[in-house]
There are 2 protein chains.
Amino acid sequence: MTDTAPRPTLEAVAARAGVSRATVSRVVNGGDGVREPLVERVRRAVEELGYVPNQAARSLVTRRHDAVAVVVAEPETRVFADPFFALQLRGISKELTAHDNQLVLLLTEGRDDHARVGRYLAGGHVDGALVFSLHLDDPLPELIQRAGVPTVFGGRPGWSDGTTDVVYVDSDNRGGAREAVRHLVGLGRTRVAHITGALDQTSAADRLDGYRDVMGDADPELVVRGDFTPAGGERAMRELLDRCPDVDAVFAANDLTASGALRVLRERGRRVPEDVAVIGFDDMLPVAEQTDPLLTTVRQDIEEMGRLMARLLLRDLDRRSGGATPAGVVLPTTLIRRASA
Amino acid sequence: MTDTAPRPTLEAVAARAGVSRATVSRVVNGGDGVREPLVERVRRAVEELGYVPNQAARSLVTRRHDAVAVVVAEPETRVFADPFFALQLRGISKELTAHDNQLVLLLTEGRDDHARVGRYLAGGHVDGALVFSLHLDDPLPELIQRAGVPTVFGGRPGWSDGTTDVVYVDSDNRGGAREAVRHLVGLGRTRVAHITGALDQTSAADRLDGYRDVMGDADPELVVRGDFTPAGGERAMRELLDRCPDVDAVFAANDLTASGALRVLRERGRRVPEDVAVIGFDDMLPVAEQTDPLLTTVRQDIEEMGRLMARLLLRDLDRRSGGATPAGVVLPTTLIRRASA
DNA sequence: GTGAAAGCGCTAACAA
DNA sequence: TTGTTAGCGCTTTCAC
């Protein structure tokens, strides 16, 4: 481990360049309003001394941190079993670094973690927060509201009644689900089932709504509850086959669920897609492209969602937005046809 | 989005409690050397005003940030296809928050990102760094050394010659590989192949070494190069079957590779484990527990690795460690026997 | 044990 | 255009 060296200050650079601190500061912050020869001299001094501004000192006066907190509430380990989280993070990271902002990651695992996050956000360490509000009963949004930090949510928050001014980015879960089910119907399937996700998340509820939009009058027995995991998909598929042996199509709430369903289907000797057509949701490549047969699914651009969240937040932070920030942004989905339906 | 409220300062608390700023500061930082009644009064004032210390101001004088950077160099998208990254992050996060440190995530995607990270680290925003040095030719370590930030590496850095004082945490890749291959040999297999990982990473090189420790005198044709991906596993397995049709066991560099190999084996009509036994590495649950048959593999405790990295770094930061920090810590692995071998 | 005072390194009026 | 000056909110000697 290396030792920490004493860093040169603005003062030192000023002395070396033979100018005042203010001038150095100007140059360092863009150099507007400083004559070229001086700029040059200061730049050289900065270079020679290896000067890097002290962020703490700067923040103290500007009240800006150029840092954004990303809060991932994950009581369960599910997030860690699929690349969703990582992809979104990458999108966020790209956008943030493009605007010279840092990403402070706050992972919460339990109740006491919530308090810690609340304190941190209230502590004014960051300019804003990006929050993944995963469950209906999550206390986090409440805490954040109170902390008074500009925030953008990932996924439509369940507690938002639409009248408040929560900003969020979401996929068109309902529309995507509709498209998937319509595709199944278009294939001539008449007994189209749905394995839901964890229904305390709006994404799962919305996909179920989409299914019902198309299959509203269908046998309610065809809807089985899942939980977004492969194991849940297996369980649900078994239940489904027992309950409705004549099922000829399944719309699974996500790819992981579909992969579990696929396994059970094979185990029970049903051919896919001949006997039962299967569609997933997400287009999680490592899953959808590894199933047998390859999975037909509804793609959502996860990385873009992350990027968009960051962009929305940053725009709000630079109060340039004459008009109000849009309350919710919903990204389109696309059906990716492979072999399973 | 909520608006930012004016935060109360130390001064305000002092006024309200009828004491000096110094006293409030003492109480806020533990309250040593302040008489009980005063402590009480200050605490109440803090409570009533909802005072939270301004970290920037504090850092400015203490030169501490209570923040650690986590640098993940990932030119490829591989990290995002398996949960490795997320698990390690979680371990790190747990340990860090337990010690009131924040996690600043630095994702790098290309050359220019390296410069940015170097600048950030040199900028003294964080007290230390946790770095995943994934490839042999990575310029990052160099940059970090120059930035002079205390650092712990995840995985043995390839450029470390053992004499320098780099601190790292790694799994016993070589020992784990040996155990896997020995298990295969113990099963009576004589044509034991190895599909390697990306050999510009020490983990892959070490696993290959472990294989050779046991199979040193084996047919060199039995070693095929992979890249830690399922696709790479498929490719390698095909090559292997063409080259050595009599292969009766495969040690894959990781579970993802094994899953690809398994697929090809099935496609070619080889029974697992009867005809060909297969072992993976990692015990990545979402992969190892979804394969058919269930994958026998070598487990490494990834979350613990992350936790340990953080612990090592924090210990070094509180210069309490009388003795030197250990150069490298190597965690043991365990063979998890399932159905494939 | 408590308070007064001096900065930490920087930006942003305001003067010159 | 450039420099002077006054803090930002906090910790930390040093007196009392």
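Note that the structure is a prediction, hence the values are computed from the model and not measured. Chain A is the first sequence line, chain B the second, and so forth, proteins listed ahead of strands; every chain is numbered from 1.
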Asker: 5'-most contact on DNA chain D: A:Glu36 or A:Arg21, nearest heavy atom basis?
Answerer: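 Residue closer to the 5' terminus by nearest nucleotide: A:Glu36.
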
Asker: Between C:dC10, C:dA6, D:dG9, which one does the side chain of B:Asn54 approach most closely?
Answerer: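 Among C:dC10, C:dA6, D:dG9, the one nearest the side chain of B:Asn54 is D:dG9.
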
Asker: For A:Arg41 and D:dT1, give me the distance from atom CZ to atom P, rounded to whole Å.
Answerer: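 The answer, rounded to whole Å, is 16 Å.
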
Asker: To the nearest angstrom, how far is B:Arg58 atom CZ from D:dT12 atom C1'?
Answerer: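 After rounding, the gap between these two atoms is 13 Å.
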
Asker: Counting only heavy atoms from other residues, nucleotides and ligands, does the tally under 6.0 Å from CD of B:Glu36 exceed 12?
Answerer: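 Counting neighbours around CD of B:Glu36, more than 12 heavy atoms of other residues, nucleotides or ligands fall under 6.0 Å, so yes.
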
Asker: D:dT11 phosphate, OP1 or OP2: any side-chain N/O from B:Asn29 under 4.0 angstrom?
Answerer: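 So the side chain of B:Asn29 is within the cut-off, an N or O lying under 4.0 Å from OP1 or OP2 of D:dT11.
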
Asker: Please confirm whether the shortest side-chain N or O distance from A:Ser25 to OP1 or OP2 of C:dT11 is below 4.0 Å.
Answerer: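 So the side-chain polar atoms of A:Ser25 do come within 4.0 Å of the phosphate oxygens OP1 or OP2 of C:dT11, strictly under.
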
Asker: Take the protein atom CZ of B:Arg26 and the nucleotide atom P of D:dG9, then report the distance between them rounded to whole Å.
Answerer: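 It is 21 Å, rounded to the nearest whole Å.
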
Asker: Taking atom types as modelled and ignoring hydrogens, do the side chains of B:Asn54 and A:Arg63 form a donor-acceptor contact shorter than 3.5 angstrom?
Answerer: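 Judged by distance alone, the side chains do not pair up.
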
Asker: Counting just side-chain N and O atoms, does B:Thr9 come under 4.0 Å of either OP1 or OP2 of D:dG9?
Answerer: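 So the side-chain polar atoms of B:Thr9 never come under 4.0 Å of the phosphate oxygens OP1 or OP2 of D:dG9.
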
Asker: From CG of A:Leu60 over to P of D:dA6, roughly how many Å is that when rounded to an integer?
Answerer: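 Computing the A:Leu60:CG to D:dA6:P distance gives 18 Å.
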
Asker: In whole angstrom, give the distance that lies between atom CD of A:Gln55 and atom P of C:dC8.
Answerer: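 Distance check: A:Gln55 CD to C:dC8 P gives 19 Å.
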
Asker: Of all the choices, D:dC10, D:dC8, C:dC10, which nucleotide is nearest to the side chain of A:Leu10 once you look at every atom?
Answerer: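 Selected nucleotide (nearest to the side chain): C:dC10.
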
Asker: Just call it for B:Arg63: base, sugar-phosphate, or nothing, with non-hydrogen atoms closer than 4.0 Å on any strand.
Answerer: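 B:Arg63: backbone/sugar contact only, no base atoms under 4.0 Å.
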
Asker: Set out, in order, the CA-CA distance, both residues' side-chain angles and the distance that settles side chain to side chain contact (heavy atoms under 4.5 Å, CB included) for B:Asp138 and B:His114, then state yes or no.
Answerer: CA-CA 10 Å; B:Asp138 205 309; B:His114 286 133; 3.8 Å; yes

Asker: Within the structure, does a side-chain N or O atom of B:Thr23 lie under 4.0 Å from either OP1 or OP2 of C:dG3?
Answerer: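 For B:Thr23, the contact criterion (side-chain N or O under 4.0 Å from OP1 or OP2 of C:dG3) is met.
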
Asker: Could you state the atom-to-atom distance from CG of B:Asp32 to C1' of D:dT11 in whole Å?
Answerer: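 So the CG-C1' distance, B:Asp32 to D:dT11, works out to 15 Å.
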
Asker: Which nucleotide wins on minimum distance to the side chain of B:Ser20, given the candidates C:dA6, C:dG3, C:dC10?
Answerer: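 Nucleotide nearest to B:Ser20's side chain: C:dG3.
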
Asker: Regarding A:Arg64 and A:Asp127, does a basic nitrogen lie under 4.0 Å from an acidic carboxylate oxygen?
Answerer: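 A:Asp127 and A:Arg64: salt-bridged.
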
Asker: In whole angstroms, how far is the P atom of D:dT1 from the CZ atom of A:Arg35?
Answerer: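 Checked: the CZ to P distance equals 6 Å.
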
Asker: Could you say whether B:Ala22 or A:Glu11 is positioned toward the 5' end of DNA chain C, judged by the nucleotide with the nearest heavy atom to each?
Answerer: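 Its nearest nucleotide being more 5', the pick is B:Ala22.
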
Asker: What is the distance from CD of A:Glu40 to P of D:dT1, rounded to the nearest Å?
Answerer: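 About 18 Å, once rounded to whole Å.
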
Asker: Is it true that A:Arg44 and A:Glu47 have a side-chain N and a carboxylate O under 4.0 angstrom from each other?
Answerer: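 Looking at A:Glu47 together with A:Arg44, the answer is no, because their closest N to O distance does not fall below 4.0 Å.
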
